[in-house]
Number of protein chains: 2
Amino acid sequence: MKPDTKRRLLDGTLETVRRGGIAAVSARSVAATAGVNQALIFYHFRSVEELLEAACRQATEERVALYRERFALASSLAQLLAVGRELHEAERAAGNVAVLAQLLAGAAGQPRLAAAVAESLATWTAEIEAVLDRVLGASPLADLADVPGLARAVAASFVGIELYDGVDPQGAAAALDALDQLSVLIDVFDDLGPVARRALAARTRKARRTRVP
Amino acid sequence: MKPDTKRRLLDGTLETVRRGGIAAVSARSVAATAGVNQALIFYHFRSVEELLEAACRQATEERVALYRERFALASSLAQLLAVGRELHEAERAAGNVAVLAQLLAGAAGQPRLAAAVAESLATWTAEIEAVLDRVLGASPLADLADVPGLARAVAASFVGIELYDGVDPQGAAAALDALDQLSVLIDVFDDLGPVARRALAARTRKARRTRVP
DNA sequence: GTCTATAGCTGGATAGAC
DNA sequence: GTCTATCCAGCTATAGAC
């Protein structure tokens with residue numbers, strides 16, 4: 001037996017998605033990039049869809065474990081944003097966010113795959129949520145921000161920008177830079193005096209009233 | 001002749017993408033939903049890829065034209081955000097953002113389609129950019145925000161959230177709500193006094209210095 | 001412009017030898 | 001566990017009748 005066949009197939013799947021998108025995935029193409037016989041896909045996994053599921057899970061678990069400690073080191077919003085940017089650059093280079101984006105698109109009309117992708121995203125957002133919660137605890141933003149929702153927005157935005165990057169790399173870079181600049185706005189709130197805090201608190205309550213009558 | 005065959009095919013394409021994602025698109029499936037003979041795809045368009053291109057362009061032009069006047073009516077950030085939310089709800093219901101997201105994913109490794117999708121996104125961001133520019137003119141945020149980049153970030157985030165919605169509708173809704181809440185933060189800046197404005201200006205310069213040494 | 005028919009290919013999946 | 005060979009469905013695209 002060749003004990004690494006499963007792994008080769010999983011890696012081959014991710015590589016295939018990276019290179020040609022979800023549309024390029026087939027039992028034959030994946031087997032070719034993996035350097036493995038095509039029939040083995042159906043022996044080790046039962047179908048191409050289940051291979052995709054497994055690849056999705058593996059990629060997520062590995063990556064999240066890798067970044068968990070870095071997240072834990074961030075103790076301020078500024079630091080978190082720095083880590084986030086760094087992480088994003090690394091994922092971009094490795095092409096993992098793009099893979100998740102492609103799987104997300106491919107999940108349409110494939111309930112099993114959709115569930116796996118949803119689980120992967122949940123793993124990511126849980127991580128983001130934990131850091132946001134810890135880091136925002138001291139900030140006046142804690143009252144304003146719905147942390148669980150914010151974590152999901154962050155994850156979804158990254159995915160969108162990664163897809164955008166596929167058709168317009170310069171545009172995607174500009175989008176990232178703009179978000180980076182905008183983060184200054186959040187920093188300011190942490191440093192502002194009590195006057196501004198009270199103003200924010202008032203506006204927050206007002207906004208909540210008008211939205212939920 | 002049936003003069004609406006082209007249109008039926010274009011509509012059928014979009015409907016097929018909406019229902020089953022980009023992976024469900026084939027000459028046969030589109031022809032079936034359009035109620036048109038399969039061979040006509042290759043008569044009117046030259047290939048399935050070019051049909052997708054044309055459908056992408058049509059959907060974008062129609063929609064952008066539809067919303068241009070609504071954008072023009074917004075004269076404050078708050079109003080713009082309201083319009084944006086409304087627009088997004090409508091697009092979500094019609095499924096057009098999801099279509100764009102699917103095309104974006106399908107564009108990987110298809111240069112011609114990628115160009116068409118990039119053009120569609122450019123049309124959208126140009127519109128967003130124009131409104132942002134006008135609306136932010138009076139705000140102190142004009143100094144901080146890189147409007148072209150911000151417009152691209154907004155478009156990409158919508159796309160990401162739309163894909164997310166496909167596998168986890170509740171999560172996507174939470175993300176949208178969080179962004180909505182966060183928009184209050186921007187409003188505050190417009191209403192704040194000169195003290196806060198000076199603080200923001202100082203922080204902005206500082207951030208710019210550290211980023212571009 | 002529209003239809004039928006079909007060539008030619010690639011896809012998922014399985015049977016069975018090793 | 002791995003490989004060859006193969007079945008059959010579905011795909012793009014074209015030829016040619018109408």
Side-chain angles (χ1 to χ4, degrees), chain A residues 1-56 58 102-103 105-114 116-117, chain B residues 1-17 19-56 58 102-103 105-114 116:
Chain A
M1 70 156 184
K2 289 185 189 157
D4 56 336
T5 299
K6 266 181 127 158
R7 182 148 222 115
R8 288 170 69 91
L9 279 172
L10 292 169
D11 292 345
T13 305
L14 298 177
E15 183 60 24
T16 306
V17 174
R18 267 189 282 268
R19 285 214 274 256
I22 186 73
V25 170
S26 77
R28 286 167 152 87
S29 66
V30 168
T33 37
V36 156
N37 188 285
Q38 180 248 133
L40 290 177
I41 286 177
F42 304 95
Y43 174 80
H44 288 289
F45 309 87
R46 294 159 36 90
S47 67
V48 174
E49 186 181 358
E50 285 182 61
L51 169 61
L52 278 170
E53 282 176 54
C56 179
Q58 187 213 253
Q102 286 288 335
L103 291 174
Q110 294 203 277
R112 289 185 56 99
L113 182 54
V117 176
Chain B
M1 69 159 184
K2 290 183 188 159
D4 56 336
T5 299
K6 266 182 128 157
R7 180 146 221 118
R8 287 170 69 91
L9 280 172
L10 291 170
D11 292 345
T13 304
L14 297 176
E15 184 59 25
T16 306
V17 173
R19 283 214 275 256
I22 185 74
V25 170
S26 78
R28 283 167 150 84
S29 66
V30 169
T33 39
V36 156
N37 188 286
Q38 182 249 134
L40 289 178
I41 287 177
F42 303 95
Y43 175 79
H44 287 289
F45 308 88
R46 293 160 37 90
S47 67
V48 173
E49 187 180 358
E50 286 182 62
L51 169 62
L52 278 170
E53 282 175 55
C56 180
Q58 187 212 253
Q102 287 288 334
L103 291 175
Q110 295 203 277
R112 286 185 58 98
L113 182 55

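Quick caveat, the model's predicted, so the values are computed rather than measured. In what follows, every chain begins at residue 1, and chains take the letters A, B, ... in the order their sequences are listed.
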Handout entry: Flag for A/Thr16-A/Thr13: side-chain donor and acceptor within less than 3.5 Å
Key = no

Handout entry: Closest listed nucleotide, where the reference is the side chain of B/His44 and the choices are C/dT2, D/dT6, D/dG1
Key = C/dT2

Handout entry: Distance, rounded to the nearest Å, where B/Phe42 contributes CZ and C/dA5 contributes C1'
Key = 15 Å

Fill in the blank from the handout: B/Asn37 has its side chain closest, among D/dA13, C/dG1, C/dT4, to C/dT4

Exercise for the section: Calculate the interatomic distance between B/Asp4 atom CG and C/dT2 atom C1'; express it in whole Å. Expected result: 13 Å

Fill in the blank from the handout: To the nearest angstrom, the CD1-P distance between B/Ile41 and C/dT2 comes to 13 Å

Handout entry: Side-chain N,O (A/Thr5) to OP1/OP2 (D/dT2) below 4.0 Å
Key = yes

Practice task
Calculate the interatomic distance between A/Leu51 atom CG and C/dA13 atom P; express it in whole Å.
Solution key: 11 Å

Completion exercise
Which of D/dT14, C/dT2, C/dG11 is nearest the side chain of B/Tyr43? It is C/dT2

Problem - Heavy-atom side-chain contact between A/Ser47 and A/Glu50 under 4.5 Å - result: yes

Completion exercise
Which of C/dG12, D/dT14, C/dC3 is nearest the side chain of A/Val48? It is C/dG12

Practice task
Look at the side chain of B/Ala39 and decide which nucleotide, out of D/dC11, C/dC3, D/dA13, has an atom nearest to it.
Solution key: C/dC3

Practice task
When you get a sec, tell me which of C/dT2, C/dG11, D/dC3 is the closest nucleotide to the side chain of A/Leu40?
Solution key: D/dC3

Problem - For atom CG of A/Leu9 and atom P of D/dG1, their distance in whole Å - result: 13 Å

Problem - Close side-chain approach of B/Leu14 and B/Gln58, heavy atoms under 4.5 Å - result: yes

Problem - Whole angstrom value for the distance that separates P of D/dC7 from CZ of A/Arg28 - result: 13 Å

Completion exercise
Taking for B/Gln38 and for A/Val25 the nucleotide of DNA chain C with the nearest heavy atom, the one nearer the 5' end belongs to B/Gln38

Practice task
Counting heavy atoms from C-beta on, name the nucleotide in C/dA13, C/dT2, D/dC11 closest to the side chain of B/Ser26.
Solution key: D/dC11

Handout entry: Separation of C/dG12 P from A/Leu113 CG (nearest whole Å)
Key = 14 Å

Practice task
Indicate yes or no for a side-chain donor-acceptor contact from B/Glu15 to the backbone of B/Thr33 under 3.5 Å, with no hydrogens or angles considered.
Solution key: no

Problem - A/Gln102 side chain vs A/Ile22 backbone, donor-acceptor pair below 3.5 Å - result: yes

Practice task
Quick one: label B/Ala27 by what it contacts on the DNA or RNA (base, sugar-phosphate, nothing), any heavy atom closer than 4.0 Å.
Solution key: sugar-phosphate

Fill in the blank from the handout: B/Arg7 CZ to C/dG1 C1', in whole Å, measures 19 Å

